[in-house]
Amino acid sequence: MPARSARLRTLAIAGAAATALLFPTVTLSGSAQATDEPTFKPQLIKVKTPSRGAKTRLQKLGLDLTEHAGHKYVEVVAHSQEELDLLTERGFTYTVEIENLIRRSMEVAELNEAYAASVDGSPLPSGQETYRTLKDYEADMKALADEHPGLVERFALKRKTLDGKTVHGVEISQGVDKPNRGEPTFLLMGLHHAREWPSGELAMEFAIDLAQSFGTDDRITQLLKRARVIVVPVVNPDGFDLSRTDGEFVDLRALNPNDPLGGSTSILATPGNAYKRKNCRVRDGEDTPDGTCRAFSSNSPGGYGVGTDLNRNYGGFWGGPGASDLFADPTYRGAKAFSEPETKNIKDLVTDRQVTMVISNHTFSNLVLRPNGVAPSTIGQDGLPVGDAPDEGALKRLGAKMTAQNGYQNIHGWQLYDTTGTTEDYTYNATGGFGYTFEIGANEFHPPYPEVVDEYLGAGDYEGKGNREAYLVALEHAVDRRFSGVLTGRAPKGATIRLSKEFRSPTWEGSFKDGLDTPIKVRRDGTFSWIVNPSTRPVVESRTYQDLSDEPFEKEVIEGMTPEPSGHKDHEYVLEQGADLWRTELDWPTPDDMDLEVYRKNADGSLTEVGSSGNFVGDKEKVEIPNAEAGTYVIRVINFASVSPTYTLT
Ligand code: 0X9
Ligand code: ZN
């Protein structure tokens, strides 16, 4: 495949009407350089969050959180001065990591150009030298299928995007053009989030790699005889196209043949969508004329306000913690579960075949994340702590096998912050097929391209391994019979039989009609052998906790005086004996917001957080600690935004 190089874009638009549509907030000026850049440039900042509770409070501010977070911080994209002011007002402190993300995008584009000029093809399977555009992905998928008939097929997903684009994927398997005869599927996806460019690159490279290696590499050949691999490199083409092409500089001289600038040059950074995250939903329940997403996105800071967060729109516990119901928020969950065509597309893929392994690529923070999306102590729909996934042990072991290849951290999704409605929380709970999020890369949403090369092939201690090997481990899992069932039998030759199942999938507060329906073709010898996911879905598997009684064996009530807004009050509490379940409830008379955190007091006086509850405004707080040990604890009451003078701890 031909290698390409990045070029700073010159926009050629005929006529002033187009100008007004594209840049409604920009005033032109005749100065020589960059004076028309929007005054506030998006920044990457590192916000201090000393506890999990602080993280939850930060999450409630509706800011654009990244997955780059440690025990004591979360990195955030700040899109306006108001957001920085809000942080300070709420008592958060931060340091600036990247001061001007638009300028950084420019630097990255220049570095990519320099890299492309310095190499004659990268060591990637395709030789790719810089980030693909949407057009490049389309061309590469088509070329791959054309070059490998019978091994690679390009297909269109069922629903077009809101902007009228067709989403494509490639399916790779020996005899891919023949009907499925019971092979399991590994689904690899990229670019749910528009700005996370490496997530699509690595998916596309893996597809190319598999096709090239079939017939020469024995391990890959064997795997492609037993499994089907589906790669959807760009799940969100509307968002990605904007992010990839609208974050650069525009040469204004091209806008008007009469040259309103009196012959001077003006280079302008567009408000830009380079850091757009979501899809192109403009208003719930409404479609917009095809091709207009760009115009609607240009009047929101950094383009991030518009859209639904596809990674909060899946059905799995949709509408719960870590997802917002406010349209302008970065984690807007959408009007209902699967309200967006892009998430429905993926749902269709996992419900009409046996997908035994899922990886959804994102950037960044070098993580392999496994279900669940919310902490085990979170109280679920049935009033019990959600606990760990029933397959926690096996999910963790497979995570470790993959992180041994890419050097990432192997952790739960919830360990950084809570999420609901994410891809793998739905696919795992609906099918039992294991699912992971990969957060690729160390520091940026779309770093200089050589880092993409390293992330795929591995570098340093992981040279020769990297995500290429991690994906192969995933593909091996997809065909591992210890994790699937096998249905065998006889049926009329060439007949199609179906495995169907109807059920309801839980959202956070209800459920929706759901089901799986896999067709399979009987072999010419009249037999079938069909690899399938477990018949019991994880979501209905028995709970870890059993309720023996509604009444606690001991109960205590503490009244307290509310601290100042943003302040907190600590209650030292001695738990005299261990308890199967220790529940602390915080109540107050007004409909506003307090939060609750529980710490264990260590021998040296330091505190370790063991539970927290930071519900949205109006909801009261509850922390449940399963298997609580006797000892000294600190119960912390935080006034997030409450006017009540008193509170009650039970
Ligand atoms: O928040 C997300 O959707 C993902 N991170 S990103 O920075 N790429 O947006 C993580 C989703 C799964 N992870 C968690 N449950 N934390
Ligand atoms: Zn993401």
Side-chain angles (χ1 to χ4, degrees), residues 51-53 55-56 59-60 311-325 331 333 337 358 369-396 399 410-437 503-512 514 534 536-548 550 552 579-586 595-598 609-616 619-628:
S51 64
R52 189 169 169 81
K55 266 183 198 147
T56 312
Q59 221 178 353
K60 284 199 280 188
N311 212 27
R312 300 293 182 281
N313 187 247
Y314 283 82
F317 313 109
W318 179 89
S324 173
D325 59 354
T331 60
R333 66 197 188 192
V358 170
L369 300 171
R370 63 181 183 277
N372 290 325
V374 294
S377 61
T378 314
I379 305 303
Q381 211 188 57
D382 55 5
L384 296 173
V386 295
D388 270 329
D391 297 297
E392 164 59 12
L395 281 162
K396 187 177 177 180
N410 176 35
I411 61 173
H412 292 101
W414 59 263
Q415 276 173 279
L416 297 175
Y417 49 76
D418 281 344
T419 57
T420 47
T422 63
T423 313
E424 69 275 11
D425 268 9
Y426 172 72
T427 60
Y428 167 66
N429 279 295
T431 71
F434 286 10
Y436 296 81
T437 288
F503 50 85
R504 298 192 70 82
S505 277
T507 56
W508 197 252
E509 283 173 346
S511 62
F512 60 94
D514 205 353
T536 306
R537 287 171 296 138
V539 78
V540 293
E541 262 185 51
S542 62
R543 303 296 231 117
T544 337
Y545 307 106
Q546 213 186 341
D547 254 1
L548 298 177
D550 282 345
D580 294 336
L581 191 64
W582 172 27
R583 176 184 300 153
T584 306
E585 288 171 348
L586 172 64
D595 290 326
L596 177 63
E597 290 169 8
V598 180
E609 191 174 307
V610 289
S612 74
S613 169
N615 286 323
F616 279 85
D619 292 336
K620 305 306 177 186
E621 310 296 344
K622 175 156 84 174
V623 168
E624 297 210 337
I625 301 167
N627 305 318

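Because only heavy atoms are used, hydrogens play no part in the values below, and waters and symmetry mates are left out as well, while side chains stay in. For the single chain, residues carry numbers from 1 onward in sequence order.
- Applying the salt bridge (Lys or Arg N to Asp or Glu O under 4.0 Å) test to residues at least two apart or on different chains, the pairs with a partner in residues 410-420 are R52-D418.
- Closest approach of S505 and Y426 over heavy atoms only: OG-CE1, 4.1 Å.
- Annotation: side chain of E597 is in contact with side chain of E609 (closest heavy-atom distance under 4.5 Å).
- In this structure, the side chains of T422 and Y314 stay at 4.5 Å or more apart for every pair of heavy atoms.
- Taking 4.5 Å as the limit, every side-chain heavy atom of T378 sits out of range of all side-chain heavy atoms of P385.
- The line from CH2 of W414 to CZ of R370 is 9.0 Å long, rounded to the nearest 0.5 Å.
- Proximity of a side-chain donor or acceptor of N313 to a complementary backbone N or O of A337 within less than 3.5 Å is not detected.
- In this structure F434 satisfies the ring-ring contact (aromatic ring centres under 6.0 Å, His included) test together with H477, F483, sequence neighbours excluded.
- Remark: the backbone N or O of P371 is not paired with any side-chain donor or acceptor of D425 at under 3.5 angstrom.
- Here OG of S612 is found 8.0 Å from CG of L596. Values are rounded to the nearest 0.5 Å.
- Note: W318 CH2 to E509 CD = 9.0 Å, rounded to the nearest 0.5 Å.
- Checked by atom type and distance alone, the side chain of T420 pairs as donor or acceptor with a backbone atom of P321 at under 3.5 Å.
- Remark: K622 NZ is packed, more than 12 non-hydrogen atoms of other residues, nucleotides or ligands lying under 6.0 Å away.
- Checked against E424 for a side-chain hydrogen bond (donor to acceptor under 3.5 Å, both in side chains), the options T437, N429, N311, N372 give a single hit: T437.
- Between S511 atom OG and Q381 atom CD the span is 7.0 Å, to the nearest 0.5 Å.
- Between the OG1 atom of T56 and the CD atom of E621 there is a distance of 9.5 Å, given to the nearest 0.5 Å.
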| task | Using the side chain to side chain contact (heavy atoms under 4.5 Å, CB included) rule, take L586 and K620 through it: C-alpha gap first, then chi angles, then the decisive distance, then the call. | result | CA-CA 6 Å; L586 172 64; K620 305 306 177 186; over 6 Å; no
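- Counting heavy atoms from C-beta outward, Y428 and L395 have side chains that approach closer than 4.5 Å.
- Atom NZ in K396 sits 11.5 Å away from atom CD1 in I411 (nearest 0.5 Å).
- When side chains are defined from C-beta on, Q59 does not count as touching T331, because their heavy atoms never get closer than 4.5 Å.
- Exactly one residue among I625, V610, V623 makes a side chain to side chain contact (heavy atoms under 4.5 Å, CB included) with W582. That residue is I625.
- Here the shortest heavy-atom pairing between A323 and R312 reads CB-CD, 3.7 Å.
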